[in-house]
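This report concerns only the one structure given below.
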Amino acid sequence: MTDRVILTYGTFDLFHVGHLRLLKRLSALGDKLIVGCSTDEFNSIKGKSTAIPYAHRVEILEACRYVDQVIPEEDWAQKRDDVQRYGVGLFAMGDDWAGKFDELRDLCDVLYLPRTENISTTELKALIQAMRGPASS
Ligand code: C2G
């Protein structure tokens, strides 16, 4: 029986329980979880500005007990190649991406899991800004 390899991608900026609970759920669905972490350059393409640099986001993901391997995510088009290169059986994302990667279904299973409510990097950034007070805005 070959290992069931799971692949997901994300920025994982300001790592929080929404990210953690997704990775925890994914790791329970297979034998190996690979995470594609968006590089700072790719985040610019995604139109996302990150608080935490790529190297630190990778370090945090690699220290996560649910993650077996971290690879760079450098462009939108690499998913098909990655699925084949790593022998992925399941591609999965949070359901804010529902339907967006169904074209991978000829290569592997595709799953969208419910997001964790009431937590997001955007909300954390706003909270931090508020804590710094009006003078800093
Ligand atoms: N997530 C979640 N619950 C939250 C916040 C995020 O389940 N409260 C999930 C998202 O659905 C995603 C993963 O955590 O599957 C990473 O979230 P982001 O870092 O915001 O990823 P994103 O910027 O959407 O990048 O090619 C795909 C992109 O790289 C995804």
Side-chain angles (χ1 to χ4, degrees):
M1 178 71 172
T2 53
D3 277 357
R4 183 158 172 81
V5 177
I6 302 169
L7 176 62
T8 192
Y9 295 86
T11 303
F12 298 98
D13 192 24
L14 295 175
F15 196 75
H16 55 66
V17 286
H19 299 138
L20 184 66
R21 290 175 186 167
L22 175 82
L23 299 176
K24 180 175 184 177
R25 282 176 287 162
L26 291 182
S27 71
L29 297 176
D31 304 291
K32 179 176 181 182
L33 174 58
I34 302 174
V35 179
C37 183
S38 310
T39 61
D40 295 333
E41 296 75 16
F42 182 50
N43 274 315
S44 305
I45 294 169
K46 285 163 58 173
K48 270 197 160 182
S49 63
T50 50
I52 307 299
Y54 173 70
H56 292 182
R57 292 186 280 113
V58 170
E59 188 176 342
I60 291 167
L61 285 167
E62 287 180 340
C64 178
R65 69 188 319 170
Y66 305 117
V67 176
D68 296 289
Q69 183 178 2
V70 181
I71 61 173
E73 183 187 28
E74 298 169 293
D75 64 58
W76 291 113
Q78 72 182 78
K79 294 182 175 66
R80 290 193 77 82
D81 291 345
D82 288 346
V83 166
Q84 290 166 303
R85 177 178 306 126
Y86 296 103
V88 171
L90 170 63
F91 174 86
M93 298 290 294
D95 62 5
D96 47 317
W97 291 93
K100 297 289 191 306
F101 303 113
D102 289 354
E103 80 273 4
L104 296 172
R105 288 192 193 282
D106 62 317
L107 293 176
C108 61
D109 297 334
V110 176
L111 183 64
Y112 305 102
L113 294 174
R115 281 171 65 95
T116 300
E117 303 286 321
N118 306 318
I119 183 86
S120 71
T121 303
T122 306
E123 287 171 62
L124 287 177
K125 286 179 177 176
L127 187 62
I128 292 165
Q129 192 62 37
M131 289 166 72
R132 292 174 62 187
S136 63
S137 47

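Atoms within each ligand, like the ligands themselves, are counted from 1 in listed order.
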May I ask whether Met93 and Val70 are part of the same hydrophobic cluster, defined by side-chain heavy atoms of I, L, V, M, F, W, Y residues being less than 4.5 angstrom apart, directly or through others? no
Salt bridge between Asp82 and Arg85, side-chain N to carboxylate O under 4.0 Å? yes
Taking the minimum heavy-atom distance to atom 29 (O) of ligand 1, which of Arg25, Arg115, Glu73 ranks first? Glu73
Check this for me, if you would: do Asp13 and Lys48 make a salt bridge, where the nitrogen-to-carboxylate-oxygen distance has to be below 4.0 angstrom? no
Using a plain distance cutoff, I'd like to know if Lys79 has any nitrogen or oxygen under 3.5 Å from a nitrogen or oxygen of ligand 1. yes
For atom 10 (C) of ligand 1, what is the nearest protein heavy atom, given as residue, atom name and distance? Asp96 OD1, 3.7 Å
Tell me the protein heavy atom at minimum distance from atom 20 (O) of ligand 1, and give that distance in Å. Lys48 NZ, 3.0 Å
Checking a contact table here: which protein heavy atom is nearest atom 13 (C) of ligand 1, and how many Å away? Leu22 CD2, 3.7 Å
For atom 2 (C) of ligand 1, which candidate among Gly94, Gly18, Gly10 provides the closest heavy atom? Gly18
Give yes or no for whether the N/O distance cutoff of 3.5 Å, strictly under, is met between Asp13 and ligand 1. no
Below the 3.5 angstrom mark, is there an N/O of Ser120, backbone or side chain, next to an N/O of ligand 1? no
Considering only protein heavy atoms, which is closest to atom 28 (C) of ligand 1, and at what distance to one decimal place? Lys46 NZ, 3.6 Å
